[in-house]
S.K.: 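Structure below; questions to follow.
Order of appearance sets the numbers: ligands from 1, and atoms from 1 within every ligand.
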Amino acid sequence: MSNDHSDDDGIMQFAAENTDERVGRGQTWRVLIIDDEKDVHSATTFALRSTEVVGRPLEFLHATSAREAQQILRTHKDIAVILLDVVMETPNAGLDLVPLIRDELAIKDTRIILRTGQPNQAPEIEVIRDYDINDYKLKSELTQSRLFASLTTAIRSYKQIQTIEAGKKSLAMIVKSSAQLLTESGLHEFAQGVILHLSGLLSIAPEGLICARRRDRNDGNTRIIAAAGHYKPLINKPLSELNEEDAQNSLLECLDSQCNIYNKHGIALYLGSEDRGDMACFVSSAAELDEVDEQLLELFCSNITICADNLGHVTQLSEYAYHDALTGLPNRNALVDYVSKAIAEKRVEGYCLCLIDIDNFSEINTSLGQDYGDDLLQGVAAKMREQFPAPNFVARIFGDTFALFGPSDSINQDRIIKPFSSPFDIDGEEQIISVTAGVVPISEVNGDGEEAIKDATIVLKTAKRHSHGEVLLFRHNMIDDAQRRLGMLRHLRSAFRLEQLFMVFQPKLRLSDLEVTGFEALIRWRDENGEMIPPATFIPLAEQSGLIVEMGAWIYKQSLMALKDLHDQGWNDRHMSVNLSVAQLQHRGVLDMLKNNAAEVGIDPKWVNLEITESLAISDFDATLDLLNDIKAMGFTLSLDDFGTGYSSLNLLHRLPIDFLKLDRSLVEASDSTSGGDILEMIVQLAGKLGMEVIAEGVEESDQVSFLKNLDCDHAQGFYYAKPMEKDVLLTWLTNKENKNV
Ligand code: C2E
Ligand code: MG
Ligand code: MG
C-alpha cells in the first residue's frame, strides 16, 4: 500500500448530512469489522465516524468471531471491505476465514485488510498473494488517517473491480443480444428485441419503454414502432399521441441531436441507422446512471445500430453484393475483386481498365424521365456485353459509368466510341448518345483493383473536363494533377483560416438610365506571395470538398455586411447578388443560413439576390424547384447565372421562380455575329415573355452596349462600366459617378 496517505487525507470529508439516510439503499460502502476485541470495533467506528470515502458514507457490520463473520458474509451482499483480525478463537482463525471467503463463498470483489496485534503474526506472503489480500497492517499502525487511507485505497479498488465485472457482464449481454437480434426479422420484432434487451441490461422491468422512428426529419412524422408495458397501446401511433411530455421531448431531442439523452425522467437512446432512418428508444428510469452505465449504453447503441444495419444488409448483401440490379452486370465490388485477383495472380500483362461514361446522361434522365434513363442504361449494358465478350470483363460501377477490363488491343478509340455512334432504340424513340472514356494500363497501377478504379476515374474526369466523346489514355501527369489539386485544397483551407480571402463587388447598371441597381459579390484570394488565384480555379475545389458550405456562409455574411454599410452610407435601394454553388444549395441548412444571417446583419431579404447556375436548376429539377420556391417565399430574389452555357430546356425554365436571367459573357461576346445577335434577341424576348429581367454579363465594348440597348435588355454588368472593387473603392467610385451625373 502506498505511503503517501497524506493525499488521501485530503479526500476525507465529514459529511454534514445524516449518513443513516443512505444506509440500506446501496448508497454506502459496507465495511465488515471482524475482531474479537470489542474495543477495536468501537475505536474503528469512532475513528471513521461521519467519514465519507470515495463519495459515500461508510456502513459498518460487526462480527466478533469467524463463525459470526461467516453468517454475515452469507447473508449480506455488497461488502466492500473486510477489516479482518488474524488472531481470534485460534491463532489463525482470521487467516482460515480467507479461503472460505474467496473459494467457498466465491466472494472475489470484496477487499480484505488484515490486522494483527503483533508483528510476528504476519501471514505468509503467499497467503497475501493467493487470496488477494488488499493490505496488511499492525493494529498499532492504524491511526485515524492511516486507517482512512487504507480504506480509501481498498474501496477504490473494490469499485474498480465491480465496474469491470459489470462491464464484462453487460458486454456479454450486448454481444449475446446482438447475435440474437441478428436472427430476428422485421423491424418490429427487432425494435421489441431492443426494448427487452435494454431492460435486461439496466435490470429494470420491460415497462415504460418505447421506440420511435422518424422517417423524414422535416415533416415531424415520428412513429412509435414498438412498445412494452403501459406504452403498448401506442404501437404504430404517431409520437404526438404519447401523453407524456417528458418522454416525448426526450425522444425528439434525442432524434434531433442524434445523441443519447439522460435526464431525471429517463433515458433516450439514439439508434440511428442509415438504412432505416433515425430511431430512438426511451426508457423511463429514475435510477441515476453513472459514467460507466452511460458508456455501456453508448456501446449498446452502437452495437444495435450496426445490428440494425446488418439486418437490412443481410438480405441485400446476398442479392446485391456483386450484381447491379438494373442491368444484371457485375457491379463495382465484383470489378474490384476481379481486377485485384488478376493483379495478385499476375495475369495482367497487356491488360487495361477502361471506364466509360455517357455524356450528359443526367440531362437525358431529367428531361426524358428516369424510366427512359433506365432503359438507356440497359441498352448500353447490352451493347457493352455484345461488343466485349470474354475474356473482357464488363461491369456497371456507378450511375452511368461502365467499366471494361480486358486486353489492351481490344480497347481502343474505335472499339469504344463506334458502337455508341449508332442510335439506341428506346421505347420506339431513337436516342443518340456519345460516351467519354478513360483508360489505364494495369501495368501503370500501383496497387489493387480499388487503386486501378481510382486511377481510371482520374483519367475519366480529366477526359470529361476537356472534351466529350473521346477516349483518353492514362498519363502520369494526371495523377500529379490530382495531387496538385489536393495540395491546392489544403492551401485554400489554410487561406480561408488565415483570412487571405476577401470580397469585391461589381456594379450592375440599368441600361435605360445607367443607374446602379445593385452589385455582384465576387470572392478573391490573394496568397501569401501576393499572387491572385482566380475563383474559377478554387471555387470548384471548394465545391468538390464541401468546404464551400462553410466558405459560402462566410461569403454571404461578408457580402451582406458590405451591403449594410453601403445602405448606411446613403446607397440604399441597391441590392447585393451573391453566388450560391450547387453544394451549398444541397446542404440542408441552407435556408436557415440565408435567413439567419440576413436577420443578424439587419438586411431585408428583398435586397438580397441569389445567383444560381443553370446546371443546378436542371439537375434534380423537382427538389431544386421546391428549394427555390422556399427561398423566394422568404423574400429573396433569384438570378439564373451563366445562361446560355448549359442545357436548360425552355420547358423547365418557365417553371423556375427566377427574377433575372444573366446572359453569359460568351453570348454577349458573340453578339457581333449575325447568328449570335439573333440568339441574344430571341433570349431577351423569351425572358420578357416569362416575366424575367435580363442582365448582360461581361459587357466590355460600347458596340455591345448599343446592341443590348436596342434589344431592350434591362441591365448590364461588365468591365465597360466597372470592374469588381473592394468596398471602399466602390464607395469612392459610386460618389464619383454621382458627381459626374449631377
Ligand atoms: P460569375 O458568377 O458568372 O461572375 C462573373 C465573372 O465575370 C466574374 O469573374 C467577373 O469578374 C467576371 N467579369 C465581369 N465583367 C467582366 C467583363 O467585362 N469581362 C470579363 N472578361 N470578365 C468579367 P470571377 O470573379 O473571376 O468569377 C468567376 C466565377 O467564379 C463566377 O462567375 C462565379 O461562378 C464564381 N465565383 C466568384 N465568386 C464567387 C463566390 O463568392 N461564390 C461562388 N459560389 N462562386 C463565385
Ligand atoms: Mg454570378
Ligand atoms: Mg455569370
S.K.: Measure the shortest side-chain to side-chain distance between L640 and I612 over non-hydrogen atoms and say whether it is less than 4.5 angstrom.
M.R.: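 SC-SC contact between L640 and I612 confirmed.
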S.K.: Please step through side chain to side chain donor-acceptor pair (under 3.5 Å) for the pair Q431 and Y372, ending with a clear verdict.
M.R.: CA-CA 10 Å; Q431 176 69 45; Y372 189 94; 2.8 Å; yes
S.K.: Does the pair E520 and N579 meet the rule for a side chain to side chain donor-acceptor pair (under 3.5 Å), with working shown?
M.R.: CA-CA 8 Å; E520 176 171 8; N579 292 285; 2.8 Å; yes
S.K.: Could you walk me through whether E550 and R497 pass salt bridge (charged side-chain N to carboxylate O under 4.0 Å, His left out), step by step?
M.R.: CA-CA 11 Å; E550 195 188 341; R497 271 200 312 274; over 6 Å; no
S.K.: Is a donor from one side chain sitting under 3.5 angstrom from an acceptor on the other, for D712 and Q685?
M.R.: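 Not at all, the side chains of D712 and Q685 share no donor-acceptor pair under 3.5 Å.
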S.K.: For E528, look at atom CD and say whether over 12 heavy atoms of other residues, nucleotides or ligands are found less than 6.0 Å away.
M.R.: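 Correct, the count exceeds 12.
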S.K.: Show which atoms of ligand 1 fall inside a sub-4.0 Å distance from at least one heavy-atom site of I555.
M.R.: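 Heavy-atom distances to I555 below 4.0 Å select 40 (C), 41 (O), 42 (N).
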S.K.: OE1 (E611) to the Mg ion (ligand 2) to OD1 (N579): angle, nearest 10 degrees?
M.R.: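 Output for this angle: 90°, rounded to tens.
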S.K.: Of the options K508, R510, K662, E693, which is the one that meets H715 in a side chain to side chain donor-acceptor pair (under 3.5 Å)?
M.R.: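 Only one option passes, and that is E693.
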S.K.: Evaluating non-hydrogen atoms only, which member of E520, E669, E700, Q558 is closest to atom 20 (C) of ligand 1?
M.R.: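 Minimum heavy-atom distance to atom 20 (C) of ligand 1 goes to E700.
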S.K.: Report yes or no: does M551 have a heavy atom closer than 4.0 Å to ligand 1?
M.R.: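 M551 does not count as a contact of ligand 1 under the 4.0 Å cut-off.
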S.K.: Within 2.8 Å of the Mg ion (ligand 2), is there any N, O or S atom belonging to S639?
M.R.: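 Checking the Mg ion (ligand 2) against S639, no N, O or S atom falls under 2.8 Å.
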S.K.: Report the part of Q506 (side chain from C-beta onward, or backbone N, CA, C, O) that has a heavy atom under 4.0 Å from ligand 1; answer both or neither where that applies.
M.R.: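 Side chain only; the backbone of Q506 stays clear of ligand 1.
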S.K.: So if I count the atoms of ligand 1 from 1 in the order they appear, which ones are less than 4.0 Å from some heavy atom of G698?
M.R.: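 Listed by number with element, the hits are 15 (N), 16 (C), 17 (C), 18 (O).
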S.K.: Show which atoms of ligand 1 fall inside a sub-4.0 Å distance from at least one heavy-atom site of I523.
M.R.: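 Once the distances to I523 are compared, the set is 38 (N), 39 (C), 40 (C), 41 (O).
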S.K.: Without hydrogens or angle criteria, can the side chains of T436 and D357 be said to hold a donor-acceptor pair below 3.5 Å?
M.R.: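 No, because no side-chain N or O of T436 sits under 3.5 Å from a partner of the opposite role on D357.
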S.K.: Name the residue from L460, V445, T457 that meets the side chain to side chain contact (heavy atoms under 4.5 Å, CB included) definition with V440.
M.R.: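 The side chain to side chain contact (heavy atoms under 4.5 Å, CB included) with V440 is passed solely by V445 among L460, V445, T457.
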S.K.: Using distance alone, determine whether N579 and ligand 1 share an N or O pair under 3.5 Å.
M.R.: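 N/O-N/O distance below 3.5 Å exists for this pair.
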S.K.: Any N/O/S atom from D641 (main chain or side chain) under 2.8 Å of the Mg ion (ligand 2)?
M.R.: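 Of the N, O and S atoms in D641, at least one lies under 2.8 Å from the Mg ion (ligand 2), which means yes.
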S.K.: Could you tell me if the side chain of E611 sits less than 4.5 Å from the side chain of L580, heavy atoms only?
M.R.: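 Sidechains of E611 and L580: no contact.
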S.K.: Just to be sure I read this right, does ligand 1 sit under 4.0 Å from the backbone of D642, its side chain, both, or neither, counting only heavy atoms?
M.R.: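 Under 4.0 Å from ligand 1, D642 contributes side-chain atoms alone.
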S.K.: Give the numbers and elements of all ligand 1 atoms closer than 4.0 Å to a heavy atom of R665.
M.R.: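 Taking each heavy atom of R665 in turn, ligand 1 has 19 (N), 20 (C), 21 (N), 22 (N) under 4.0 Å.
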S.K.: Any N or O on Y720 sitting closer than 3.5 Å to an N or O of ligand 1?
M.R.: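 No, there is no polar N/O contact under 3.5 Å.
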S.K.: Without hydrogens or angle criteria, can the side chains of D642 and T613 be said to hold a donor-acceptor pair below 3.5 Å?
M.R.: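 Side-chain D/A pair, D642 to T613: absent.
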S.K.: Measuring to the Mg ion (ligand 2), does E520 have an N/O/S atom at a distance below 2.8 Å?
M.R.: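 An N, O or S atom of E520 is closer than 2.8 Å to the Mg ion (ligand 2), so yes.
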S.K.: Please could you name the atoms of ligand 1 that G718 approaches to less than 4.0 Å, counting only its heavy atoms?
M.R.: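 It comes down to these atoms of ligand 1: 15 (N), 18 (O).
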S.K.: Donor-acceptor pair, N529 side chain versus E531 backbone, under 3.5 Å?
M.R.: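 A pair under 3.5 Å: no.
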S.K.: Is the closest heavy atom of K662 to ligand 1 under 4.0 Å?
M.R.: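 No, K662 has no heavy atom closer than 4.0 Å to ligand 1.
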S.K.: Would you mind running through ligand 1 and noting each atom that sits below 4.0 Å from a heavy atom of L522?
M.R.: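 Here the atoms of ligand 1 in question are 4 (O), 8 (C), 10 (C), 11 (O), 25 (O), 37 (C), 38 (N).
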S.K.: Could you list the atoms of ligand 1 found under 4.0 angstrom from a heavy atom of D641?
M.R.: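 Those of ligand 1 that fall under 4.0 Å from D641 are 1 (P), 2 (O), 3 (O).
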S.K.: Do F505 and L566 have side chains that get closer than 4.5 Å, going by heavy atoms?
M.R.: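 Counting from C-beta outward, F505 and L566 never come under 4.5 Å.
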S.K.: Does F719, backbone or side chain, put an N or O under 3.5 Å from an N or O of ligand 1?
M.R.: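 Min N/O separation from ligand 1 is below 3.5 Å for F719.
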S.K.: At a 4.0 Å cut-off, with the gap strictly under it, does some heavy atom of P724 reach an atom of ligand 1?
M.R.: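 Checking ligand 1 against P724, which is what was asked, there is a heavy-atom contact under 4.0 Å.
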S.K.: Show me which atoms of ligand 1 lie under 4.0 Å from any heavy atom of E697.
M.R.: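 Heavy-atom distances to E697 below 4.0 Å select 1 (P), 3 (O), 4 (O), 5 (C).
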